[in-house]
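Residue numbers begin at 1 in each chain, while the letters A, B, ... track the order of the sequences. FYI, side chains are in, hydrogens and waters are out, and symmetry mates aren't considered; it's all heavy atoms of this structure.
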2 protein chains.
Amino acid sequence: MKLDQRKRQVLYAIVHNYIQTAEPVGSRTISRRYDLGVSPATIRNEMADLEEMGLLEQPHTSAGRIPSDRGYRFYVDSLLRIPALTKQEITLMKRILSSRMRSAEEIVQQLAKLLSALTNYTAIVLGPRETQVKLRQVQLIPLNDYQLYLVGVTDGGLLLNRMIDIPSGVDAETLESLQRWLNERLAGRPLDQIQTNDLHALKYEMQVSIDLIESVMDELLGSVNQHEVGKVYLGGTTNILNQPEFHDLQKVRAILELLEEDVLVWEAVSQASGDGITVSIGSENPEGVMQECSLVTAEYRLGDGLRGHFGLLGPTRMDYDRVLALVQGVCTTLQQLFNM
Amino acid sequence: MKLDQRKRQVLYAIVHNYIQTAEPVGSRTISRRYDLGVSPATIRNEMADLEEMGLLEQPHTSAGRIPSDRGYRFYVDSLLRIPALTKQEITLMKRILSSRMRSAEEIVQQLAKLLSALTNYTAIVLGPRETQVKLRQVQLIPLNDYQLYLVGVTDGGLLLNRMIDIPSGVDAETLESLQRWLNERLAGRPLDQIQTNDLHALKYEMQVSIDLIESVMDELLGSVNQHEVGKVYLGGTTNILNQPEFHDLQKVRAILELLEEDVLVWEAVSQASGDGITVSIGSENPEGVMQECSLVTAEYRLGDGLRGHFGLLGPTRMDYDRVLALVQGVCTTLQQLFNM
DNA sequence: GTTAGCACTCTCCTAACGAGAGTGCTAATA
DNA sequence: TATTAGCACTCTCGTTAGGAGAGTGCTAAC
């Protein structure tokens with residue numbers, strides 16, 4: 001879509017003003033606050049044109065204009081000017097995200113808090129995955145006669161843990177040798193390359209019940225499976241309540257109920273995200289409350305192939321400038337921290 | 001406080017009716033729905049008495065009465081009749097809470113979901129603690145030159161995991177022997193009985209840097225410390241939105257913000273809970289939004305000394321009958337499941 | 001092509017009003 | 001003496017009407 005310079009200015013002014021005030025923007029406001037050098041009447045004509053092009057909307061006949069989803073899209077694609085972050089913000093990020101933390105889980109939790117605090121929107125962080133999972137160590141810990149506890153640590157420092165039912169008649173020694181075998185054979189080897197052949201070999205080698213081996217391997221593979229829905233970390237869930245567009249209990253309920261469903265959130269974010277930073281605006285989102293929201297997503301990396309997605313969820317009237325700046329900032333900060 | 005039979009009936013009727021309808025209860029309503037055998041005028045006199053005693057309140061002159069916090073207190077202490085659970089509810093509980101789950105964490109998560117689904121209030125479950133923590137196994141897994149990963153499994157099946165900084169100059173062998181020592185000495189022994197003596201012995205025995213030992217032990221002890229704030233699991237956070245008393249964005253925000261702060265929630269629940277089932281009504285709670293809520297808490301046990309607290313948070317106009325029945329039911333169900 | 005002027009439209013706020021629900025008091029009743 | 005019927009009174013809530021304010025679209029002049 002092509003727009004002449006003045007139309008771009010008018011659209012920019014409306015989006016910019018509406019993002020700040022949440023009030024429909026009138027022609028007089030624009031001519032007062034933005035120096036376009038033309039009168040309100042001229043601006044009104046431009047506004048009528050922009051509305052016809054589907055970039056603006058009018059809540060009712062005698063109100064100012066607000067951007068449509070397509071208007072935001074044009075803004076994000078062509079008008080946006082990403083501001084620089086302040087030094088304080090950068091230092092804060094570095095401090096909060098520094099790897100001197102207890103686990104990847106904690107970093108990710110902090111990331112959610114950080115993002116929500118800095119933006120006043122809701123932050124969503126999908127638990128980290130490894131691009132290629134290699135086990136560092138596996139432990140089979142018998143809990144009682146019919147259950148054992150499988151604990152695995154991956155190369156990236158992720159923790160896998162599952163309870164497994166033991167077929168009757170498996171003794172501690174068997175478990176121990178199975179554990180030794182697993183550690184010898186699996187350590188450092190990409191998990192998804194384990195073939196059923198290996199398992200059959202194991203069966204003969206070890207005389208271990210194939211049931212047990214299969215459940216152990218199933219859990220192991222299952223828990224690292226890329227397609228599975230992992231943990232979801234949220235930050236600033238209540239921030240939506242600050243947005244005037246959500247001063248309505250129905251909407252608040254809808255969005256909070258959505259956020260309570262890890263599966264839905266996971267899917268929404270993973271579907272929205274692509275390479276680099278992604279912006280998904282209003283109706284571009286899957287149907288439901290999400291259509292009144294915008295979602296900015298990106299990929300984070302915690303070194304060693306440990307990676308995941310995160311996003312910021314706000315109203316379509318989101319402060320894209322700032323959000324994009326912060327998302328970019330977080331990505332590069334993490335990169336810096338984890339390449340040292 | 002003593003009340004004659006008729007006053008008790010009137011108070012019961014008002015609390016009972018108000019819990020169901022959330023509307024102030026008038027004298028006519030009572031005489032119609034509850035068979036007290038007297039006219040509205042008589043009931044009005046009783047109501048005036050009950051108000052003077054501080055058990056009822058009047059939102060405004062020409063409205064019906066609603067129970068005061070003290071009124072609810074009297075109801076809970078003296079008038080309550082706990083109903084029996086239906087067979088379906090009991091089966092559901094057994095199914096959901098059956099120990100055929102992957103970990104204690106998952107049981108606890110399910111518990112939160114179950115409680116909130118059955119009651120339509122918000123469920124809070126504090127992560128399980130062990131009365132006396134004994135380690136079953138410890139592993140020290142080097143991640144890189146300056147960090148290791150400490151993973152411990154307790155007798156009760158709890159998972160402890162912490163990242164630990166390594167003082168420079170510690171090699172893999174040292175770690176391995178430290179790990180062996182820890183497993184030999186700590187396995188099955190109550191952790192809180194470890195004395196600094198043992199650590200000094202270890203220092204000489206092993207020639208390991210005391211720094212390292214200390215950080216490992218600190219983390220180990222710290223992560224099981226009874227006073228520390230642990231994980232908080234919530235269920236049905238949005239359920240409060242169903243309550244008419246929270247059809248007000250200010251209140252909703254206040255309570256949701258509270259629920260976002262694990263520390264506050266943990267403290268509120270642990271402070272409220274005592275032996276057995278506890279009910280904390282409105283102003284009996286710590287100041288803030290909680291004063292408009294009631295909290296029913298109890299202790300759960302997952303066998304083997306693994307235990308914690310859980311609670312249900314709702315408006316003071318909470319359905320105490322049902323909530324108490326369910327809380328009781330959950331406790332006994334868990335007992336049955338984990339004593340098998 | 002741009003602008004001033006003006007009639008018109010729509011929202012939002014406030015005040016007024018009546019219906020409805022419930023009380024408290026008084027006087028009659030069992 | 002305890003209970004009840006009757007009634008005036010109070011307060012909320014929903015509806016309606018009117019006026020201020022903001023902004024538009026159109027027309028005609030520049």
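When the side-chain contact (heavy atoms from CB on, under 4.5 Å) test is applied to D275(B), no partner is found at least two apart in sequence or on another chain. With sequence neighbours excluded, the residues satisfying side-chain contact (heavy atoms from CB on, under 4.5 Å) with R28(A) are R32(A), P40(A).
Contacts between residues 16-30 of chain A and DNA chain C, defined by a heavy-atom separation under 4.0 Å, are absent. Near DNA chain C, meaning a heavy atom under 4.0 Å from it, residues 41-48 of chain B has R44(B), M47(B) in order of number.
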Begin from the C-alpha positions of I277(B) and L324(B) and carry the test side-chain contact (heavy atoms from CB on, under 4.5 Å) through to its verdict. CA-CA 8 Å; I277(B) 299 180; L324(B) 285 168; 3.4 Å; yes

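Within the structure, side chain to side chain donor-acceptor pair (under 3.5 Å) contacts touching residues 111-122 of chain B (residues at least two apart or in different chains) are N120(B)-N242(B).
Each of dT3(C), dG24(C), dT4(D) was ranked by its minimum atom distance to the side chain of V38(A); first place goes to dT3(C).
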Produce the list of close N/O pairs, under 3.5 Å, pairing protein atoms with atoms of nucleotides 11-17 of chain D; give distances to one decimal.
{"from": "dC11(D)", "atom 1": "OP1", "to": "T61(B)", "atom 2": "OG1", "distance (Å)": "3.4"}
{"from": "dC11(D)", "atom 1": "O5'", "to": "T61(B)", "atom 2": "OG1", "distance (Å)": "3.4"}
{"from": "dC11(D)", "atom 1": "O4'", "to": "S62(B)", "atom 2": "OG", "distance (Å)": "3.3"}
{"from": "dC11(D)", "atom 1": "O2", "to": "S62(B)", "atom 2": "OG", "distance (Å)": "3.1"}

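A salt bridge does not link R65(B) with E57(B): none of the charged nitrogens is closer than 4.0 Å to a carboxylate oxygen. Contact check on K7(A) versus D49(A) returns a salt bridge, with a Lys/Arg side-chain nitrogen under 4.0 Å from an Asp/Glu carboxylate oxygen. For the pair R73(B) and D69(B), the salt-bridge criterion is not met [side-chain N within less than 4.0 Å of a carboxylate O]. Between E23(A) and R317(A), no side-chain nitrogen of the basic residue sits less than 4.0 Å from a carboxylate oxygen of the acidic one, so the salt-bridge criterion is not met.
At least one side-chain nitrogen or oxygen of R6(B) sits closer than 4.0 Å to the OP1 or OP2 atom of dT3(D). For the pair R65(A) and dG25(D), the criterion of a side-chain N or O lying under 4.0 Å from OP1 or OP2 is met.
A perpendicular orientation is assigned to the rings of Y34(B) and H16(B), their planes being inclined by more than 60° (bins at 30° and 60°).
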